[in-house]
Amino acid sequence: MTSLSLKELNKLPVRLASGHRLCAGCAESIVVKQILMGTSDPVAVSLSTGCLEVSTTVFPYTSWNTPYIHTAFGNGAATCAGLETAYVALKKKGKIKGDMKFVNFAGDGATYDIGLQALSGAMERGHRMMYVCLNNEAYMNTGIQRSSATTLGASTTTSWAGSVQSGKKEFSKDLTEIMVAHNIPYVAQVSPHNWRDTVTKASKGFAADGPSFINSISPCPRGWRFPSDETINMARLAVETCVWPLFEVVDGKYALTAESARIADGKVEKKPVMDWLTAQGRFKHLLQDRWEPVAEAYQDEVDRRWKKLIKLTELDL
């Protein structure tokens, strides 16, 4: 799968059809299509409640050309694990033949917060399934409320910026590292602007002998306040500023990929976080002089995490 050209990938079955009701510029359908290009085997999809679910399955219509099940906010991983367990049992009995893959898609609210317990349990039990987080850094479906994926200084409807507050007070939870701590075969971060990197990682995740987890940045024009035709550029900027590094962890071994690998090697210049902040309306208040310390703290934390990641990739594990 990883050696296929874009032309060859486009010949694969369309597993998420057009005609859904996601917002203009939403990255979620882009990420989903790229992930599902990671295998030619049949795929069963479970989908936690969120933007993607409510926009692709408006009764009596559906955009899914796969076996599909809608789950609640908190039990997506458990549902997917149940599908995989049923498949294994039926295959042992000879009632099913052939290979099948299983994937759960969920937003950051259903992953970082409400569904974390179910996700942790599924990963610990070793189900052969992939979990993909579509991270738009807030509860966008229910009104742009902050989640633990929302980053420092972002203005949301529950972490608003005003005369005495600079937006969210905490930096985002590092869920990718939490998944690495589960000692599962494959963990990765991806961005929709780099389809080849995403498809390659999805292929590795589907092929893993056990659980896999992929965390994708998913720019949201509505919640982040940027023009809907800038989604891919926004995703690229997240990587170029090291706000969202591209890397993978295969059986505990870290490796930077794509642009992030070139930044670490000094072949590409690392852009300042201020480029990221000025590109989005949710951070516009941080351009005021009084909130300069918050913008500086943002840069410091991005730098700290980036340096830590580089050190991890250099370890001889």
Side-chain angles (χ1 to χ4, degrees), residues 1 9-23 26-91 95-111 114-115 118-119 121-123 125 127-136 139-142 190 192 198-199 201-203 205-208 211-216 218 220:
M1 290 301 301
L9 286 172
N10 281 330
K11 293 180 181 179
L12 293 175
V14 176
R15 287 166 166 157
L16 180 67
S18 58
H20 51 71
R21 302 182 188 185
L22 287 166
C23 296
C26 178
E28 293 192 347
S29 60
I30 302 172
V31 176
V32 169
K33 287 184 176 181
Q34 291 174 356
I35 292 293
L36 293 177
M37 285 179 174
T39 181
S40 57
D41 290 333
V43 180
V45 173
S46 65
L47 178 57
S48 301
T49 297
C51 291
L52 183 64
E53 177 268 321
V54 301
S55 299
T56 59
T57 57
V58 182
F59 185 82
Y61 306 105
T62 180
S63 294
W64 293 93
N65 289 322
T66 66
Y68 164 91
I69 184 168
H70 165 222
T71 75
F73 256 125
N75 66 338
T79 299
C80 194
L83 289 173
E84 186 264 353
T85 301
Y87 163 77
V88 171
L90 291 171
K91 195 170 184 180
K95 295 183 178 181
I96 292 180
K97 297 181 180 179
D99 293 328
M100 192 167 192
K101 308 300 184 186
F102 301 88
V103 59
N104 185 81
F105 292 102
D108 52 280
T111 304
I114 304 174
L119 171 59
M123 298 296 101
R125 291 191 302 272
H127 295 279
R128 192 166 183 174
M129 55 172 276
M130 181 189 292
Y131 190 106
V132 179
C133 177
L134 304 168
N135 185 5
N136 53 30
Y139 290 87
M140 301 304 182
N141 175 48
T142 54
V190 302
T198 301
V199 174
K201 288 172 177 173
S203 178
F206 278 124
S212 59
F213 177 85
I214 294 181
N215 205 350
S216 176
S218 183
C220 174

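- With a 6.0 Å radius and a threshold of 12 heavy atoms from other residues, nucleotides or ligands, Arg21 has its CZ atom at or below the threshold.
- You'll find the side chain of Met37 stays beyond 4.5 Å of the side chain of Thr198, heavy atoms only.
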Kindly indicate, with the supporting measurements, whether the criterion side-chain contact (heavy atoms from CB on, under 4.5 Å) is fulfilled by Val88 and His127.
CA-CA 10 Å; Val88 171; His127 295 279; over 6 Å; no
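- Minimum interatomic distance between Ala44 and Met100 (heavy atoms only, all atoms of both residues): CB-CE, 3.6 Å.
- Between Gln34 and Ser216 there is no side-chain heavy-atom pair separated by less than 4.5 Å.
- The line from CG of Leu119 to CG of Asn75 is 12.0 Å long, rounded to the nearest 0.5 Å.
- The salt bridge (Lys or Arg N to Asp or Glu O under 4.0 Å) search around Arg128 returns Asp209, not counting sequence neighbours.
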Phe206 vs Asp99, side-chain contact (heavy atoms from CB on, under 4.5 Å): CA-CA, chis, key distance, verdict:
CA-CA 11 Å; Phe206 278 124; Asp99 293 328; over 6 Å; no
Evaluate the criterion side-chain contact (heavy atoms from CB on, under 4.5 Å) for residue pair Val103 and Cys80; output intermediate values, then yes/no.
CA-CA 7 Å; Val103 59; Cys80 194; 5.5 Å; no
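- Of all the heavy atoms in Glu28 and Asn136, the pair that sits closest is OE2-ND2, 3.3 Å.
- Side-chain contact between Ser218 and Pro192 is absent, with no heavy atoms from C-beta onward closer than 4.5 Å.
- Here the CG atom belonging to Asp41 is positioned 10.5 Å from the CZ atom belonging to Phe102, to the nearest 0.5 angstrom.
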Quick one, Trp64 with Thr56, criterion side-chain hydrogen bond (donor to acceptor under 3.5 Å, both in side chains). Give me CA distance, side-chain angles, the key distance, then yes/no.
CA-CA 7 Å; Trp64 293 93; Thr56 59; 2.9 Å; yes
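- Taking 4.5 Å as the limit, every side-chain heavy atom of Leu16 sits out of range of all side-chain heavy atoms of Tyr68.
- When all heavy atoms of Leu83 and Ser46 are compared, the closest pair comes out as CD1-CB, 4.3 Å.
- Ring geometry, Phe73 versus Tyr139: the interplanar angle exceeds 60°, so the pair is classed perpendicular (tilted spans 30 to 60°).
- In this structure, Lys101 NZ and Ser40 OG are separated by 8.5 Å, a value rounded to the nearest 0.5 Å.
- Here the SG atom belonging to Cys220 is positioned 10.5 Å from the CG atom belonging to Asn141, to the nearest 0.5 angstrom.
- For the pair Glu84 (side chain) and Met129 (backbone), a donor-acceptor distance under 3.5 Å is absent.
- In plain terms, the two heavy atoms of Ala208 and Ser212 that are nearest each other are CB-CB, 4.5 Å.
- Of all non-hydrogen atoms in Ser63 and Ser18, the two that sit nearest each other are OG-O, 4.3 Å.
- Side-chain atoms of Val45 and Arg15, non-hydrogen and from C-beta on, never get closer than 4.5 Å to each other.
- Test Thr62, Thr49, Thr57 against His70 for side-chain hydrogen bond (donor to acceptor under 3.5 Å, both in side chains) and you get one pass: Thr49.
- The line from SG of Cys51 to CE of Met140 is 7.5 Å long, rounded to the nearest 0.5 Å.
- Leu22 pairs in a side-chain contact (heavy atoms from CB on, under 4.5 Å) with only one of the listed residues (Ile30, Leu52, Val54), which is Leu52.
- Annotation: the span from Asn215 atom CG to Thr111 atom OG1 amounts to 7.5 Å, rounded to 0.5 Å.
- Closest non-hydrogen pair, Ala110 versus Ser48, comes out as CB-CB, 4.0 Å.
- Not a single donor-acceptor pair under 3.5 Å links the side chain of Asn104 to the backbone N or O of Tyr131.
- Without hydrogens or angle criteria, Ser203 side chain to Val199 main chain gives no donor-acceptor distance under 3.5 Å.
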